[in-house]
Amino acid sequence: MQRRSPARGVRRALLPGARSPRTATLVSLDAESAALRELREALSRSPREIPSKYFYDDAGSALFEQITRLPEYFPTATERALLEARAAALVESAGGRKLTDVVELGSGAASKTVALLDAALAAGGRPKYVAVDISAHALQRTKEILAAARPEIPVEQVLADYTQALQLPPKPAGGRRLVLFLGGTIGNDEDEAAVKFLSRVREHMEQDDLLLLGANLITDPAALHLAYNDAQGITAAFNRNVLRNVNSFVRSNFAAEKFAHYAPYILEKRRIEMWLVAREAMEVDLGRLGSTVRLARGEGIRTEISRRFTREQVLRMIDSAGFTPERWIESPDARFGLALGVARASLRGI
Ligand code: SAH
Ligand code: AVI
């Protein structure tokens, strides 16, 4: 979805350059038409939706990083404290010095990951770090942060939509891979999609490789409401920016300023929903999607769900995707949990 050229050395799984090999071009054109189809289908659903991956153009990734530093948005700080306090134990359970590569899906700025990499170094390992993200801006930040914090750790970047075909660099022979999916991003999917996604991740792993999954846990609705309705309006700006990214991808003409940010905590579903609500009736030309949408005043487009889980739900989710739960740790305020799962033998080919 990025329109910008990725930095040198970045593996490109999504958008080819003019001189990319022909097969990669074909794969990529397929990916683009699949993305157009997915967006067309989401916008014609009832309620209308925009997949949340469209938040993360350059501006959106920078806004997300600002969100993570807001006093109201507690998940990042909570997960960071948990990782820092328990990194050594987690890495030991994950094989310690046997860890040869750490792959992070949706790495974002990856500032929390340093604690885990440090623990692997302290255990005598020399893992390489593979960052996978749809955002070239996020990958660049990952690289900058790691190069400054731990220059001895080799970093590889994969610019890809991890919901589509994913190409990861090969794992060193005899090594052990740890896949990280942090930040509570798993909560941005419905249960079925989340299990399907984690099962596909399992396919990139061998038996005894590990998954570390971060999940937001059920907590006080008032605190959750504030976390997605911050006083400075950064989350509102992040939400509206999704329309600018869609405009640049499909050449549509959404007027972002004509939408209000609405982010209630839906108690019975245990999830925040982010919506953009039309402040007036409008007709929007969807450009390359080849249609228009009419929105009545007060009609909304859902841009994100952000689920809160119980411990049992998280463990069941990883178990259903082929990982045996090995360890569960929780923040002292019970707002965030990390599940470590071991990849079970795959039944494929039997
Ligand atoms: N893990 C980081 C960032 C979380 S924000 C943290 O915990 O703070 C979600 C990240 O996932 C963003 O960097 C976004 O660009 C990336 N992302 C979202 N959807 C994606 C997709 N479909 N494929 C690849 N990356 C995606
Ligand atoms: C990336 N994801 C886990 C964030 C969340 O909280 O669901 C995205 C976000 N949306 C609004 N604020 C942050």
Side-chain angles (χ1 to χ4, degrees), residues 1-2 13-14 31 34-35 38-39 50-70 72-80 82-83 103-116 131-142 145 157-166 168 179-189 193-194 197 200-201 212-216 219 224-230 233-242 245 261-263 265 271-276 302-309 335-336 338:
M1 252 49 70
Q2 288 298 313
L14 193 64
E38 180 192 36
L39 188 54
I50 294 177
S52 56
K53 64 188 172 196
Y54 285 91
F55 281 130
Y56 303 98
D57 62 354
D58 289 3
S61 293
L63 283 164
F64 178 74
E65 210 180 330
Q66 272 184 265
I67 289 176
T68 62
R69 293 197 211 100
L70 290 170
E72 295 96 331
Y73 190 77
F74 57 83
T76 307
T78 310
E79 188 184 31
R80 173 176 289 114
L82 185 58
L83 279 170
V103 175
E104 181 160 14
L105 302 172
S107 53
S111 60
K112 289 174 291 190
T113 313
V114 174
L116 285 169
V132 181
D133 208 291
I134 201 168
S135 157
H137 180 274
L139 287 177
Q140 191 50 33
R141 289 288 293 138
T142 302
I145 288 174
Q157 298 160 283
V158 179
L159 179 65
D161 177 347
Y162 55 51
T163 62
Q164 308 299 312
L166 186 59
L168 292 178
V179 175
L180 310 176
F181 194 44
L182 303 179
T185 309
I186 195 67
N188 297 142
D189 275 327
F197 167 67
R200 287 191 43 240
V201 170
L212 183 65
L213 179 70
N216 280 297
T219 191
L224 283 172
H225 185 85
L226 285 175
Y228 292 80
N229 293 276
D230 63 278
I234 309 290
T235 309
F238 173 73
N239 196 8
R240 281 192 200 97
N241 181 65
V242 82
N245 193 22
H261 165 74
Y262 179 58
Y265 180 63
R271 69 194 200 186
I272 290 281
E273 291 194 358
M274 292 223 300
W275 291 79
L276 288 166
R302 189 164 57 198
T303 53
E304 185 177 72
I305 62 166
S306 189
R307 299 163 64 205
R308 309 291 120 163
F309 298 94
R335 283 179 164 177
F336 205 92
L338 284 161

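In each ligand, atom 1 is the first atom listed, and ligand 1 is the first ligand listed.
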Roughly how far, to the nearest 0.5 Å, is [atom2] of [Y] from [atom1] of [X]?
{"X": "Asn188", "Y": "Asn216", "atom1": "CG", "atom2": "CG", "answer": "9.0 Å"}
{"X": "Thr185", "Y": "Leu105", "atom1": "OG1", "atom2": "CG", "answer": "9.5 Å"}
{"X": "Asp230", "Y": "His225", "atom1": "CG", "atom2": "NE2", "answer": "10.5 Å"}
{"X": "Phe238", "Y": "Tyr56", "atom1": "CZ", "atom2": "OH", "answer": "4.0 Å"}
{"X": "Gln66", "Y": "Thr235", "atom1": "CD", "atom2": "OG1", "answer": "10.0 Å"}
{"X": "Lys53", "Y": "Gln164", "atom1": "NZ", "atom2": "CD", "answer": "5.0 Å"}

[atom]: which protein heavy atom is closest, and how many Å away?
{"atom": "atom 12 (N) of ligand 2", "answer": "Tyr228 CE2, 3.5 Å"}
{"atom": "atom 2 (N) of ligand 2", "answer": "Asn188 OD1, 3.1 Å"}
{"atom": "atom 15 (O) of ligand 1", "answer": "Asp133 OD1, 2.5 Å"}
{"atom": "atom 5 (S) of ligand 1", "answer": "Phe64 CE2, 3.4 Å"}
{"atom": "atom 4 (C) of ligand 2", "answer": "Tyr73 OH, 3.4 Å"}
{"atom": "atom 6 (C) of ligand 1", "answer": "Lys112 NZ, 3.3 Å"}
{"atom": "atom 8 (C) of ligand 2", "answer": "Glu304 OE2, 3.3 Å"}

Using atom types as modelled and distance alone, determine if a side-chain donor or acceptor of [X] lies under 3.5 Å from a backbone N or O of [Y].
{"X": "Asp189", "Y": "Ala193", "value": "no"}
{"X": "Glu104", "Y": "Leu180", "value": "no"}
{"X": "His261", "Y": "Met274", "value": "no"}
{"X": "Arg141", "Y": "Gly108", "value": "no"}
{"X": "Ser306", "Y": "Glu273", "value": "no"}

Counting only heavy atoms closer than 4.0 Å, does ligand 1 sit against the backbone of [X], its side chain, both, or neither?
{"X": "Ser107", "result": "backbone"}
{"X": "Ile134", "result": "both"}
{"X": "Phe55", "result": "neither"}
{"X": "Tyr162", "result": "both"}
{"X": "Ser61", "result": "neither"}

If you measure from each heavy atom of Ala110 to ligand 1, is any distance below 4.0 Å?
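No, Ala110 has no heavy atoms under 4.0 Å from ligand 1.
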I'd like to know whether ligand 1 has Asp161 as a neighbour, heavy-atom separation below 4.0 Å.
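Yes.
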Polar contacts were defined as any N/O atom of the residue lying under 3.5 Å from an N/O atom of the ligand; does this apply to Arg308 and ligand 2?
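There is no such contact.
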With nothing but distance in play, are any N or O atoms of Tyr56 less than 3.5 Å from an N or O of ligand 2?
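No, since none of the N or O atoms of Tyr56 sits under 3.5 Å from an N or O of ligand 2.
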Run the side-chain contact (heavy atoms from CB on, under 4.5 Å) test on Tyr73 and Ile234 for me, step by step, so that the C-alpha distance in whole Å, both residues' side-chain angles and the decisive distance to 0.1 Å come before the verdict.
CA-CA 11 Å; Tyr73 190 77; Ile234 309 290; over 6 Å; no
Given Gly183, Gly214, Gly106, Ser135, which has its nearest heavy atom closest to atom 3 (C) of ligand 1?
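The option holding the nearest heavy atom is Gly106.
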Numbering as shown, the atoms of ligand 1 that approach [X] to under 4.0 Å (heavy-atom distance):
{"X": "Thr185", "answer": "4 (C), 9 (C)"}
{"X": "Ala160", "answer": "23 (N), 24 (C)"}
{"X": "Lys53", "answer": "19 (N), 22 (N)"}

May I ask you to list the atoms of ligand 2 that are less than 4.0 angstrom from any heavy atom of [X]?
{"X": "Thr185", "result": "1 (C), 3 (C)"}
{"X": "Gly184", "result": "3 (C)"}
{"X": "Gly183", "result": "3 (C)"}
{"X": "Ser306", "result": "5 (C), 6 (O), 7 (O)"}

Given Val158, Leu139, Ile145, the one that forms side chain to side chain contact (heavy atoms under 4.5 Å, CB included) with Ser107
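It is Leu139, the one option of Val158, Leu139, Ile145 that forms the side chain to side chain contact (heavy atoms under 4.5 Å, CB included) with Ser107.
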Single hit among Ile134, Thr303, Ile50, Asn245 for side chain to side chain contact (heavy atoms under 4.5 Å, CB included) with Phe55
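Of the listed options, the one satisfying the test is Thr303.
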I want to check something: taking the side chain as every heavy atom from C-beta on, are Thr76 and Leu70 in contact at a cut-off of under 4.5 Å?
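The answer is no, as the side chains (C-beta and beyond) never meet within the 4.5 Å cut-off.
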Part of Phe238 with heavy atoms under 4.0 Å of ligand 2, whether side chain, backbone, both or neither:
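Looking at Phe238 and ligand 2, just side chain atoms fall under 4.0 Å.
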